[in-house]
Peer 1: 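Quick one: the structure is below, questions incoming.
Basis for what follows: all heavy atoms, side chains included, without hydrogens, waters or symmetry-related copies.
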Amino acid sequence: MPIYALVDVNNFYASAERLFRPDLARRPVVVLSNNDGCIVARSAEVKALGVPMGEPYFRVRDTLQSAGTAVFSSNYALYADLSARVMRTLEELAPAVEVYSIDEAFLDLTGLDALSDPLEFGRQVQARVLSDVGLPVSVGIGPTKTLAKLANYIAKQDPQHNGVACLREPDRRTKALKNIPVKEVWGVGGRFAERLEALGVRSAADLALLRDSRIRQLFPVTLARTAEELRGRACHDLDSEPAPQQQIICSRTFGAPIREYSAMREAVADYAVRAAERLRGTGQYAGALTVFLRTNPHLAAEPQHTPSASSRLPVPTADTRDLLTAALHIAEQLWQPGYAYIKAGIMLAELQSPAASADLFTDHSARARSEQLMHTVDAINRRHGQSAVTFGVQRRGPAGWRMRRKNLSPAYTTRWSDLPVVR
DNA sequence: TCTGGGGTCCTAGGACCC
DNA sequence: TCTGGGGTCCTAGGACCC
């Protein structure tokens, strides 16, 4: 029988901010989304205040302030680096690891000796990550990924567990699942939960007991798999080598609305350049590109415009110049004066390997020159900072549309000038 | 004043083909 | 009044995840 663990970092972004700020150990901490818009991470103290995940910051600003909360803008350079360190440690502890998100990983523990005592194994994982990286993790263990996720939920729910729980034994499982709202099950979101509750399915145990034919009749097959996993039969294998990415999206809300095309052009160019960098990072070429613009949907009284358009690239490419040309061409067609746009974005699709996109008519020497140039640009920017080399249409320096990040912490671990100093 | 960003999978329905 | 059936591909929308 397979056995999985789900390990995740507690309140990851908030814990990451605390790592280099021991003075914040007992203070409430929140981290905001891009543009300092929403709450995306909360320390335990903030959760206790009843501040929900995803809440717009301006609505809870006063509450947070009077509790003496330390507020941070998202610092992805820091989180990505710490995430990589956590994953490296996990890879030393388990034969196979699937990095599932920036702050969590599934471990395949099948056949591991440590499993005679799963809880002890979980405690070892906690201790190792804490000593290697300095971050607190929780560990859930179960015979399927869905049950490992649920065990992780239980581990966090009840302080008695100290962040480790196991759902391997069938009879313990039946009891535990009764107390878990169906909404907490991995794969059951708000919509499905509502419909399930209308059918009288309130707990994870209820879902496990729901007849398979009934589920398939009313829901997509994905939910049938989820229920099967709750019953202890694995439908999802560990995916330690994920399939190549299918699309790349680069989009941002602006720091202030854009009313002039010249500013939109700068923004779209900026996003296209970033999307292209990320594309090259995957080693793939893009065959199609979409641009979208959006006004502010929260301002119902204002005129709304949310145009988008795609085009297939003449030849699949990872060259920033090609992607810029295509993106700006579309943006120009989408643009209509008289609107206050608050967001724009680029999507790259039909990603494919360079080999797959070459044919009889491919100009291989032009391709080689393009690859070399882009490689050089990327290398310089990696070494000297993201905008050491920019393209003509990109704006250098500040602009009103750039994202707000008022409370950004230093890039402690990835930039020499930001290295923490001990006095 | 202030409401994130980046992904995947599934399904239904239309277009098209034989 | 009559106007098949079945297959494949694509797209849009909706659901989920973090």
Side-chain angles (χ1 to χ4, degrees), chain A residues 6 8-9 11-13 30-41 51-62 64-65 71-76 79-80 83 98-106 145-146 149 152-153 182-196 215-226 235-236 239 242-257 271 274-275 278-279 281-282 288 290 292 294-300 302 308-310 312 340 342-351 400 403-407:
Chain A
L6 180 85
D8 72 355
V9 182
N11 318 324
F12 179 40
Y13 298 170
V30 293
V31 178
L32 305 179
S33 64
N34 279 338
N35 249 324
D36 295 343
C38 297
I39 310 280
V40 293
V51 172
M53 177 69 172
E55 185 73 357
Y57 174 51
F58 72 91
R59 282 204 203 126
V60 289
R61 180 180 293 151
D62 292 346
L64 292 174
Q65 212 156 37
V71 178
F72 291 95
S73 305
S74 290
N75 183 347
Y76 286 104
Y79 313 149
S83 172
E98 173 186 344
V99 177
Y100 179 66
S101 77
I102 193 164
D103 78 323
E104 60 192 305
F106 287 103
K145 286 169 137 185
T146 303
K149 269 276 211 187
N152 184 283
Y153 170 82
V182 72
K183 168 77 186 62
E184 301 302 332
V185 175
W186 186 44
V188 180
R191 296 304 174 87
F192 286 176
E194 234 172 73
R195 286 166 56 193
L196 284 166
I215 301 178
R216 285 170 191 267
Q217 192 182 5
L218 297 170
F219 295 94
V221 62
T222 44
L223 192 69
R225 290 190 196 120
T226 295
C235 300
H236 302 296
D239 196 5
Q245 231 176 309
Q246 295 180 29
Q247 58 173 21
I248 288 172
I249 302 177
C250 182
S251 72
R252 296 269 181 290
T253 301
F254 306 128
Y271 302 168
R274 284 170 199 230
R278 272 164 43 199
L279 175 64
T282 72
T290 303
F292 64 89
R294 188 194 293 169
T295 50
N296 190 343
H298 300 290
L299 301 178
E302 300 259 314
S308 91
S310 309
R312 185 157 269 134
I342 54 138
K343 183 173 182 173
I346 304 275
M347 292 166 58
L348 304 180
E350 293 179 24
L351 305 194
M403 126 173 121
R404 287 187 299 272
R405 297 163 99 182
K406 272 173 64 182
N407 305 304

Peer 1: What nucleic acid atoms does A/Lys406 come within less than 4.0 Å of, heavy atoms only: base, sugar-phosphate, or nothing?
Peer 2: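 Counting heavy atoms under 4.0 Å across all strands, no contact is made by A/Lys406.
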
Peer 1: I'd like the C1' distance from B/dC16 over to C/dG4, given in whole Å.
Peer 2: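 My reading of the C1' atoms in C/dG4 and B/dC16 gives 16 Å.
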
Peer 1: Can you work out whether A/His298 or A/Gln246 has the more 5'-proximal nearest nucleotide on DNA chain B?
Peer 2: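 Its nearest nucleotide lies further toward 5', so the answer is A/His298.
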
Peer 1: Atom CG of A/Asp36 to atom C1' of B/dG4: distance rounded to whole Å?
Peer 2: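 Roughly 11 Å, once rounded to whole Å.
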
Peer 1: Nearest-Å distance, CG (A/Leu223) to P (B/dT11)?
Peer 2: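 My rounded result for the distance is 11 Å.
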
Peer 1: Counting heavy atoms from C-beta on, name the nucleotide in B/dG6, C/dC16, B/dT3 closest to the side chain of A/Arg252.
Peer 2: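 Closest nucleotide among those given: B/dG6.
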
Peer 1: Return the value, rounded to whole Å, for the distance between atom CD1 of A/Ile346 and atom C1' of B/dG5.
Peer 2: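 Checked: the CD1 to C1' distance equals 15 Å.
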
Peer 1: Would one find more than 12 heavy atoms of other residues, nucleotides or ligands at under 6.0 Å from atom CZ of A/Arg278?
Peer 2: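 Atom CZ in A/Arg278 is packed in, count exceeds 12.
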
Peer 1: Provide, to the nearest angstrom, the distance between the CD atom belonging to A/Glu55 and the P atom belonging to B/dG4.
Peer 2: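 Those two atoms, CD and P, are 12 Å apart.
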
Peer 1: Roughly how many Å is it from CG in A/Asn152 to P in C/dC18, rounded to a whole number?
Peer 2: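 The distance from CG of A/Asn152 to P of C/dC18 comes to 10 Å, rounded to the nearest Å.
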
Peer 1: Within this structure, what is the CE-to-C1' distance between A/Met53 and B/dG5, rounded to whole angstrom?
Peer 2: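 To the nearest whole Å, that distance equals 12 Å.
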
Peer 1: Please compare A/Phe219 and A/Tyr76 by the position of their nearest nucleotide in DNA chain B and report the one closer to 5'.
Peer 2: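 Between the two, 5'-proximity favours A/Tyr76.
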
Peer 1: So A/Arg59, base contact, sugar-phosphate only, or nothing? Heavy-atom distance under 4.0 Å.
Peer 2: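 A/Arg59: base contact, heavy atoms under 4.0 Å.
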
Peer 1: Which part of the nucleic acid, if any, lies within contact of A/Arg225, taking any heavy atom under 4.0 Å across all strands shown: a base, the sugar-phosphate backbone alone, or nothing?
Peer 2: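 Touches sugar-phosphate only.
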
Peer 1: State which of B/dG7, B/dG4, C/dC18 makes the closest approach to the side chain of A/Glu104.
Peer 2: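 The listed nucleotide nearest to A/Glu104's side chain is C/dC18.
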
Peer 1: Among B/dT11, B/dG6, B/dC2, which nucleotide sits nearest the side chain of A/Pro220?
Peer 2: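 Shortest atom-to-atom distance from the side chain points to B/dT11.
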
